[in-house]
Amino acid sequence: ILPEHVIEALQELGFSSYVPEVEDVLSNFKTQLSHRNKGNKKLDKMGVSEEELIRQQQALFAEARQQHYEYELAQHNAAMEAAAATAASTHLALKTQTSVSQSNNSADDDDDYD
């Protein structure tokens, strides 16, 4: 919908009294829009092309992805090391328990032969 469509609809529906205010808002909007476009000229004055800015942005994104990947890998490795340590201590505890049980059974067997 264009601004002219809104103005025409207001007039046709009997709201002509709002038209001057709508036109004033439209004029202010166009003024602000022209100031925004001047802001884009600042990029031109920097001497950096849009393509170069896009390349720099893509490089920053790639660097951020790499850092995130390395962080995730470090987290994964730490979790794997913790799991391995837990498994090793559990294995040692079971081995010790089995050894103690066998030692007790051996002592009980020796009592039977006396």
Side-chain angles (χ1 to χ4, degrees):
I1 298 177
L2 295 174
E4 293 78 19
H5 296 146
V6 173
I7 293 169
E8 184 180 327
L10 287 171
Q11 290 171 340
E12 288 180 11
L13 295 171
F15 296 103
S16 298
S17 61
Y18 292 104
V19 172
E21 189 175 340
V22 170
E23 289 174 338
D24 188 40
V25 170
L26 177 60
S27 175
N28 288 338
F29 172 75
K30 287 181 179 181
T31 301
Q32 288 177 357
L33 186 62
S34 70
H35 288 293
R36 266 193 249 157
N37 289 339
K38 289 180 183 177
N40 290 340
K41 292 181 182 178
K42 289 180 184 178
L43 289 177
D44 296 336
K45 290 179 183 178
M46 287 177 49
V48 180
S49 69
E50 185 176 349
E51 292 80 17
E52 176 61 19
L53 291 172
I54 291 171
R55 188 199 64 73
Q56 289 175 2
Q57 183 183 40
Q58 290 173 344
L60 289 171
F61 284 148
E63 182 181 347
R65 276 192 300 273
Q66 182 65 32
Q67 288 175 354
H68 180 71
Y69 170 75
E70 289 171 2
Y71 172 79
E72 290 292 323
L73 183 61
Q75 293 291 85
H76 174 74
N77 288 341
M80 294 301 287
E81 288 175 9
T86 302
S89 65
T90 302
H91 177 71
L92 180 61
L94 289 174
K95 187 175 179 181
T96 303
Q97 184 180 10
T98 303
S99 179
V100 169
S101 294
Q102 289 175 349
S103 190
N104 286 343
N105 288 343
S106 177
D108 290 342
D109 290 343
D110 288 344
D111 290 341
D112 291 342
Y113 293 113
D114 285 334

Identify each donor-acceptor pair in which a side-chain atom of residues 82-93 lies under 3.5 Å from a protein atom, sequence neighbours left out, and give them as a table.
unit_1 : atom_1 : unit_2 : atom_2 : d
Thr86  : OG1    : Ala82  : O      : 2.9
Ser89  : OG     : Ala85  : O      : 3.3
Ser89  : OG     : Thr86  : O      : 3.0
Thr90  : OG1    : Thr86  : O      : 2.8

With rounding to the nearest 0.5 angstrom, report the NE2 to CD distance, His76 to Glu81. 10.0 Å
Indicate if Phe15 and Val6 have the same hydrophobic cluster label, given that clusters are the connected sets of ILVMFWY residues with side-chain heavy-atom separations under 4.5 angstrom. yes
Quick one: are Glu70 and Leu73 in side-chain contact, heavy atoms under 4.5 Å? no
Should Leu13 and Val22 be counted in the same cluster of Ile, Leu, Val, Met, Phe, Trp and Tyr side chains packed under 4.5 Å apart? yes
hydrophobic_cluster_shared for Leu33 and Ile1, side chain cutoff 4.5 Å: no
Rounded to the nearest 0.5 Å, the CE atom of Met80 sits from the CG atom of Asn77 at a distance of 8.5 Å
Test side chain to side chain contact (heavy atoms under 4.5 Å, CB included) applied to Glu63 and Gln67, Arg65, Gln66, the passing residue: Gln67
Could you measure the distance from the CZ atom of Phe61 to the NE2 atom of His68? Nearest 0.5 Å is fine. 14.5 Å
Does Glu50 have more than 12 heavy atoms from other residues, nucleotides or ligands lying within 6.0 Å of its CD? no
Nearest 0.5 angstrom please: Glu23 CD to Glu4 CD, how far? 9.5 Å
